[in-house]
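Input: a single structure, listed below in structure tokens.
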Amino acid sequence: MHNIMEHIRGNIASCIRQAMHALAASGELPADVVDVLDGAAVPLEVPKDPKRGEFASPIALVAAKRARKPPREVASLIVRELMASGERKYVESAEIAGPGFINFRLSQQWAADTVALIRSKGPDYGRCDFGCGERVMVEFVSANPVGPLNVVNARAAAVGDTLVRLLDAAGYDAASEFYVNDAGRQVEVLAESVYARYMELRGEDYAFPEDGYRGEYVRDIAAQAMQDGSAAARLSAANADEARAFFREYALRHILDWQKRSLAKYEVRFDRWFSERELRETGAVEAMIGEMEAAGHTYKEDGALWFRSSDFGDDKDRVLIKSDGLYTYVAPDLAYHRDKLSRGFTKLIDILGPDHHGYEGRMQAGLKSFGYPDGALQVLLLQLVTLMRDGQPVKMSKRAGEFISMDDLLEEVPKDAARYFFIMRNTSSHLDFDLDLARAQSMDNPVWYIQYAHARCCSIFRQAEVAGISPDMWDCADLALLSEPSDIDLVRKMAGLPDEVLSAALERAPSRIAKYGMDLASVFHSFYNECRVISDDAALTAARLALVDAAKTVIANALQIMGIAAPERM
RNA sequence: GCGCCUAUAGCUCAGUGGAUAGAGCACCGGCCUCCGGAGCCGGGUGCGCAGGUUCAAUUCCUGCUAGGCGCGCCA
């Protein structure tokens, strides 16, 4: 058993089902009342207010109409049957409340077993095999290799990496990829920009391209090439075309390495950096277009080759090959997505910035035309990020060169804080990133608050060691002694991790784990204030140390999923 | 004009087809002879507007209003 809550949920549901069948059989309820159970799970929820118990069911409200009795009366019959059932496990009491809810309270044995389970699972607690090893590919960041990573890239990196960790925890075989657009126009513009700066540094008159990249880093790259002996030698012998070609490769490698370093600092890992250029070299794009033409999904117009994407749900048709003979970005991108699916990934997730939402329709249309099922590709659109300093939005303008890159951000706030802040909101919501708060080493900072809960657990163990209490003493503790409301509140919150991980993974919602971590830390701090762990009562001390050990595990596991360190001291 | 996203407490945001809609910040008041006070406890007139589906809508659907973003043979 890896999830006690799931086990109990199943047990209660089956008890309710049996109770209703028994009532229908005995004639106390109309025979057709059991129809409400058909094809649907017995409704069971975790009440918001812990005073209502661990589980609640509105089944009596749902069944009242068929039962032709008031909900509370139906509830009372179900409770009578259920409490008489020998199948019932852990349920200590079932009460009728409000309009007809049945609230289930679990026995202390449940708390004891939960603590024991968490301690035996250790780092695996919270994980499950729901995904059955299905292969899921998450593609994120995929910034053009023409400049530094920006703040939305940083959000995408934190969200994507956490999502991969979540999917992994939920039993999927999850992989991450960064698609490198190292072919195409943007790269040429970069090459021309660096070349222009190079000429400028040499004091030659050369016009900077209209749509060129004006960042200071472009000049830096040119300057570095001039100082690099072998590069300088090659440049001095080159004509303009050769120099541009040289700078294309030089700048590309330089910027790609730079982006890789930024992400490494951020502890965001990619299983693969997939090169568009290599994809083109395999002939995959040509082959794909050939098949599309053969299938009749294309037509020629105004000298360009169009994909009939509107036949597959897109707003309008899209150009694959421009009238100048070059591919648009759509063609290689489609080939890339087809490549991912051909490698055995059955689910693709793309995390995109808000300026790319139009992209989804054409990709979905493409995959549909290839015959892949609906739902093979899921696009997660991130909304914008506003950096806040002193309560004011930080103005960013590319033109004026006022621009905060991901590197700048990570110099200002710790990596753990940045990751947390970027995932703490729903991906579909605009994000206000409070730089002052993220940097603060104080109770107001949610990251510190959670990490402090972990450090506090460790501190208690250090204290226990000083008092001469060894781990084997709490390994065999009598967990039945954990009976204070604060003990149970903590256990209840810890028991929720597996459900939380699974729903966060299925909803593609890293923010849920951020919220959970915060709530867990809060319950832990309350417990700590309410219940003394190390006391004169040796048996209770042992039980509480086991509880703290479990708490430490759960906090660490939640932080691990977010890619945030779990410090022993701060 | 079309498309996507958003609208919940003074502020930043959670949340769910169900019970009395939550958290943090800010503000006010308490709690250390004690495991880290980097903490805890208490204090709340809020789901943009109008319809619809439902036993039940803040949640789902439609329309409206307001804000953000996008709408290239750029990526």
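In what follows, chains carry the letters A, B, and so on, assigned in the order in which the sequence lines appear, proteins first and then strands, with residues in each chain numbered from 1. Bear in mind the structure is a predicted one, so any value in this text is a computation, not a measurement.
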Legend entry - Glu286(A) atom CD: more than 12 heavy-atom contacts under 6.0 Å: no

Inset, instruction - Can you tell me the distance, in whole Å, between the CZ atom of Arg508(A) and the C1' atom of C5(B)? - result: 20 Å

Inset, instruction - Determine the interatomic distance between P on G15(B) and the same-named atom on U8(B); round to the nearest Å. - result: 14 Å

Legend entry - Distance, C1' atom - from A23(B) to G42(B), rounded to whole angstrom: 16 Å

Legend entry - Nucleotide C35(B), atom C1' - distance to CZ of Arg456(A) in whole Å: 9 Å

Legend entry - Rounded distance in Å between the C1' positions of U59(B) and G17(B): 7 Å

Inset, instruction - May I ask you to test the Met494(A)-Phe524(A) pair for a side-chain heavy-atom distance under 4.5 Å? - result: no

Legend entry - Between A56(B) and G63(B) - C1' atom distance, rounded Å: 24 Å

Legend entry - Partners meeting ring pair (Phe, Tyr, Trp, His ring centres under 6.0 Å) with Phe421(A) (sequence neighbours left out): Phe433(A)

Inset, instruction - Kindly say whether, by distance alone, the side chain of His356(A) makes a donor-acceptor pair under 3.5 Å with the base of G70(B)? - result: no

Legend entry - G43(B) and A26(B), which share atom name C1', separated by this distance in whole Å: 14 Å

Inset, instruction - Write down the distance separating the C1' atoms in U20(B) and C28(B), rounded off to the nearest Å. - result: 24 Å

Inset, instruction - Return the nucleotide paired to G3(B): Watson-Crick means purine N1 to pyrimidine N3 with N6-O4 or O6-N4, wobble means G-U with N1-O2 and O6-N3, both under 3.5 Å. - result: C69(B)

Inset, instruction - Rounded to the nearest angstrom, tell me the gap between atom OH in Tyr528(A) and atom C1' in C32(B). - result: 10 Å

Inset, instruction - List the atom of Leu166(A), the atom of Pro510(A), and the distance in Å for their closest heavy-atom pair. - result: CD1-CA, 3.9 Å

Inset, instruction - Determine the contact category for His525(A): base if any of its heavy atoms lies under 4.0 Å from a base atom, sugar-phosphate if only primed atoms, P, OP1 or OP2 are that close, otherwise nothing. - result: sugar-phosphate

Inset, instruction - Taking all non-hydrogen atoms of both residues into account, name the closest pair between Arg338(A) and Met288(A) and its distance. - result: NH2-CA, 3.8 Å

Inset, instruction - Flag the pair Ile349(A) / Leu163(A) as yes when at least one side-chain heavy-atom distance between them is below 4.5 Å, and no otherwise. - result: yes

Inset, instruction - Decide whether a cation-pi geometry holds between Arg456(A) and Tyr528(A); the criteria are a distance under 6.0 Å from NZ or CZ to the six-membered ring centre and an angle within 45° of the ring axis. - result: yes

Inset, instruction - Look at the side chain of Leu381(A) and decide which nucleotide, out of C4(B), A19(B), C55(B), has an atom nearest to it. - result: C4(B)

Legend entry - Syn-anti status, with the boundary at 90° from 0, for the nucleotide C32(B): syn

Inset, instruction - For Tyr213(A) and Glu192(A), indicate whether the former's side chain and the latter's backbone hold a donor-acceptor pair under 3.5 Å. - result: no

Inset, instruction - Starting from P on C4(B), measure out to CG on Leu384(A) and report it in whole angstrom. - result: 17 Å

Inset, instruction - Give a yes/no answer on whether the side chain of Lys322(A) brings an N or O atom under 4.0 Å of OP1 or OP2 in C74(B). - result: yes

Inset, instruction - From the options C73(B), C35(B), G15(B), select the nucleotide whose nearest atom is closest to the side chain of Arg532(A). - result: C35(B)

Legend entry - Quiz item: Asn103(A) side-chain donor-acceptor pair to A19(B) base, under 3.5 Å: yes

Inset, instruction - Report yes if a side-chain nitrogen or oxygen of Lys48(A) is closer than 4.0 Å to either non-bridging phosphate oxygen (OP1 or OP2) of A19(B); otherwise report no. - result: yes

Inset, instruction - For nucleotides U45(B) and A9(B), find the distance between their C1' atoms and express it as a whole number of Å. - result: 10 Å

Inset, instruction - Write down the distance between NZ (Lys65(A)) and P (A56(B)), rounded to a whole number of angstrom. - result: 9 Å

Listed pairs, N/O of protein and of nucleotides 9-12 of chain B, under 3.5 Å:
from: U12(B); atom 1: O3'; to: Asp432(A); atom 2: OD2; distance (Å): 3.4
from: U12(B); atom 1: O2'; to: Arg425(A); atom 2: NH2; distance (Å): 3.0

Legend entry - Reported CH2-to-OH distance for the pair Trp273(A) and Tyr179(A), which is rounded to 0.5 angstrom: 14.5 Å

Inset, instruction - Have a look at Leu61(A) and say if it touches a base, only the backbone sugar-phosphate, or nothing, with a 4.0 Å heavy-atom cut-off. - result: base

Legend entry - Integer angstrom distance from the C1' of A19(B) to that of G3(B): 40 Å

Legend entry - Length of the CG-C1' vector between Asp355(A) and G3(B), whole Å: 15 Å

Inset, instruction - Report yes if a side-chain nitrogen or oxygen of Asn529(A) is closer than 4.0 Å to either non-bridging phosphate oxygen (OP1 or OP2) of C35(B); otherwise report no. - result: no

Inset, instruction - Nearest whole angstrom, please: distance from the P of C5(B) to the CD of Gln383(A). - result: 8 Å

Legend entry - Spacing between Arg52(A) atom CZ and A19(B) atom P, to the nearest angstrom: 7 Å

